[in-house]
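Here is the structure we will look at.
Numbered from 1 within each chain, the chains take letters A, B, ... in sequence-line order. Only heavy atoms go into these numbers, but all of them, side chains included; no hydrogens, no water, no symmetry mates.
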Protein chains: 2
Amino acid sequence: MNFLVVGVGAVGSVYLAFLSRAGHRAVGLVKKGRSLDRIKVEGIWGEFEQKVNTIDSIEGLDFEPDIVILTVKSYDTDGALEDIKSLKEGKSLLMVAQNGYGNYEKAVKVFGEGRVILARVIFGAKLLEWGLVRITVCGDDVVIGDPSKNIQEAYLKELSEVFSISGIPTRYSPEVYKYLWDKILYNCALNPLGALFEKTYGEIASNPHTRNIMDGIIEEAFEVIKAYSIPTFWSSSEEYRKHFYERLLPPTKDHYPSMLEDVKKGKTEIDALNGALVALAKEKGIYLPLNDLIAKLIRAKEQFSR
Amino acid sequence: MNFLVVGVGAVGSVYLAFLSRAGHRAVGLVKKGRSLDRIKVEGIWGEFEQKVNTIDSIEGLDFEPDIVILTVKSYDTDGALEDIKSLKEGKSLLMVAQNGYGNYEKAVKVFGEGRVILARVIFGAKLLEWGLVRITVCGDDVVIGDPSKNIQEAYLKELSEVFSISGIPTRYSPEVYKYLWDKILYNCALNPLGALFEKTYGEIASNPHTRNIMDGIIEEAFEVIKAYSIPTFWSSSEEYRKHFYERLLPPTKDHYPSMLEDVKKGKTEIDALNGALVALAKEKGIYLPLNDLIAKLIRAKEQFSR
């Protein structure tokens, strides 16, 4: 198959390296001056070095990709969609493999329903240096699907096989949008507090004060979920909290949020996480004081780092 | 005059050293094993080393103090009042030279109105080591007074002269309670954010995000002020904010809050500041989300430091 990977950070490097190694035609779209000819992978999925191809402008693309994998940080989504918008004239499908709320929605606005696949990525990858990525943890398979139900299930199942065989465990689910919100909740609860205090997920969860704040963040998130009738796996915030503390958290307890590294560089995905909850709530006339203050604190820390 | 200084931390060391140097009979009440025979002072009010007397139990007191100066941290107020309660049988006046809300109120409960002087202390002192204190900044005179108006003005004026002549600039004001709230507002806005981000007052005020949070903290504080009809120098939060940013902040912009050192030791006065606002509001059925979350974040950071 033919792939274009947009953004070659941690997640993009993984896709580019694994798909190239599996013999697919894959090229990475990078920023000017950031071309790469090899990527070294280390961590829980083994170590290897792979020759890769990159282009630093969409004009350099000399084939029509079957799948365009969008992996940029949420704050670069608008720019990335602008860069690749010419592809919507062809048949490429866009796969959104990003964090937070708003990326999938923006992609659908540009490419239209039936052209966008949503991927919930929950392995942890860290870009140690440009061209060197470490896979640190894997919470679950990548889950892919089409929330709009326009893309054939058979095709999505086949595509998940392609990724799995390439070495990135992936499965299809018609409920991918629920998986996305599962992760949004997880990230909204843990990432900003981990980034603020520079602590692991486990430390954040075992401190009774941060735990109390996380409970409040989740509580407020469910106000948004109810106001928009967003489909989730849980019927209440209590049910989610149980799942969160008992299932999701323990396997990742020793990890720091990537938002910690991001905040030290002065830019995070807070506007696609707690900031997005606040904005969604506001449209319905609801105020989320906890998430609003948490988002402001992260923006403050970003500002201090600049 | 005869003084007992309860607590020989930063502020207590200043009182004990300056009053002893001026020839007054002064003794410091310290915790067991923390006896001192000299205090070294440095900083903006000059450098000197002074012989001092301390006792580690109230039983060691061999005179009746005219004034008992309470300087312990707010979280030790209950214990300190318990230690000195035998003095209420005599004629000593208690002078509360502490930060935050609740200390004066507790002191009046134990000693009764007419026996308690309130002091608004706004010089900055830092205990570099046990027996070594540096005076770093002086925002204004210490202001003393009796909110209950039972103590003679002439006596309070005379007492402020005694302090001033000893080297601690002090004046009497019938409006001392307004001065206390002035400082409570200042501390609630700046201290927790400075302690959380480990930044100076100036850095906190010039970051637009922390400034926005401070505006919100002040806004909520005025809800308490209105609910209780607390007398202040300002008719609105806007008026206070102007005073705060234009007058109070600039001379102290390079300073870190003492709460930063406190939070690193695992214990702060947050319950007498933002936590006290939240508790006062709650009694009137008002919820202060910003101050509540700020207080929780400080308690979280205290916990991480233990």
Side-chain angles (χ1 to χ4, degrees), chain A residues 188-220 223 256 260 263-264 266-268 270-271 274-275 277-278 281-282 286-306, chain B residues 188-220 223 256 260 263-264 266-268 270-271 274-275 277-278 281-282 286-306:
Chain A
C188 285
L190 281 169
N191 293 21
L193 290 170
L196 202 58
F197 288 111
E198 311 194 358
K199 299 287 176 189
T200 63
Y201 291 158
E203 289 171 314
I204 292 296
S206 57
N207 181 316
H209 306 287
T210 37
R211 189 172 173 121
N212 175 289
I213 295 169
M214 288 202 293
D215 290 348
I217 289 172
I218 293 168
E219 199 64 41
E220 287 187 355
E223 292 186 44
Y256 292 92
L260 171 54
V263 81
K264 287 180 174 177
K267 212 163 187 185
T268 72
I270 194 72
D271 290 335
N274 309 71
L277 293 180
V278 173
K282 198 177 172 187
I286 303 167
Y287 176 51
L288 305 183
L290 275 183
N291 282 282
D292 189 35
L293 179 53
I294 288 290
K296 281 175 183 163
L297 290 166
I298 291 298
R299 289 184 203 115
K301 190 161 177 166
E302 289 174 350
Q303 181 80 21
F304 284 129
S305 303
R306 277 175 205 156
Chain B
C188 285
L190 282 169
N191 293 21
L193 290 170
L196 203 57
F197 287 110
E198 311 193 0
K199 299 286 175 189
T200 63
Y201 291 156
E203 290 171 313
I204 292 296
S206 58
N207 180 317
H209 306 287
T210 36
R211 188 172 175 122
N212 175 289
I213 296 169
M214 287 202 295
D215 290 348
I217 289 172
I218 293 168
E219 198 64 41
E220 286 187 356
E223 291 185 44
Y256 292 92
L260 171 54
V263 81
K264 288 179 173 176
K267 211 162 189 184
T268 72
I270 195 71
D271 290 336
N274 308 71
L277 293 179
V278 172
K282 198 176 172 188
I286 302 168
Y287 175 51
L288 305 183
L290 276 183
N291 281 283
D292 189 34
L293 179 53
I294 288 291
K296 283 176 182 163
L297 289 166
I298 291 298
R299 288 183 204 117
K301 190 161 177 166
E302 289 174 350
Q303 180 81 21
F304 283 128
S305 302
R306 275 175 208 155

Inset, instruction - Examine whether an atom of B/Leu193 lies under 4.5 Å from a heavy atom of chain A, and if so say whether it belongs to the side chain, the backbone or both; otherwise answer neither. - result: side chain
Legend entry - Atom group of B/Leu196 that falls short of 4.5 Å from chain A, counting heavy atoms: side chain
Inset, instruction - Name the option with the most non-hydrogen atom pairs under 4.5 Å to chain A; the candidates are B/Glu302, B/Lys296, B/Lys301. - result: B/Lys296
Inset, instruction - Apply side chain to side chain contact (heavy atoms under 4.5 Å, CB included) to the pair B/Asp292 and A/Leu290, showing each step before the final yes or no. - result: CA-CA 9 Å; B/Asp292 189 34; A/Leu290 275 183; over 6 Å; no
Inset, instruction - Could you check which of B/Ile204, B/Ile298, B/Ile213 has the highest count of heavy-atom pairs closer than 4.5 Å to chain A? - result: B/Ile213
Legend entry - Atom group of B/Phe304 that falls short of 4.5 Å from chain A, counting heavy atoms: both
Legend entry - Closest approach of B/His209 to A/Arg299 (non-hydrogen atoms, all atoms of both residues): CD2-O, 3.4 Å
Legend entry - From B/Ile294 atom CD1 to A/Leu297 atom CG, the distance as rounded to the nearest 0.5 Å: 5.5 Å
Legend entry - Closest non-hydrogen atom pair, A/Thr210 against B/Ala300: CG2-CB, 3.7 Å
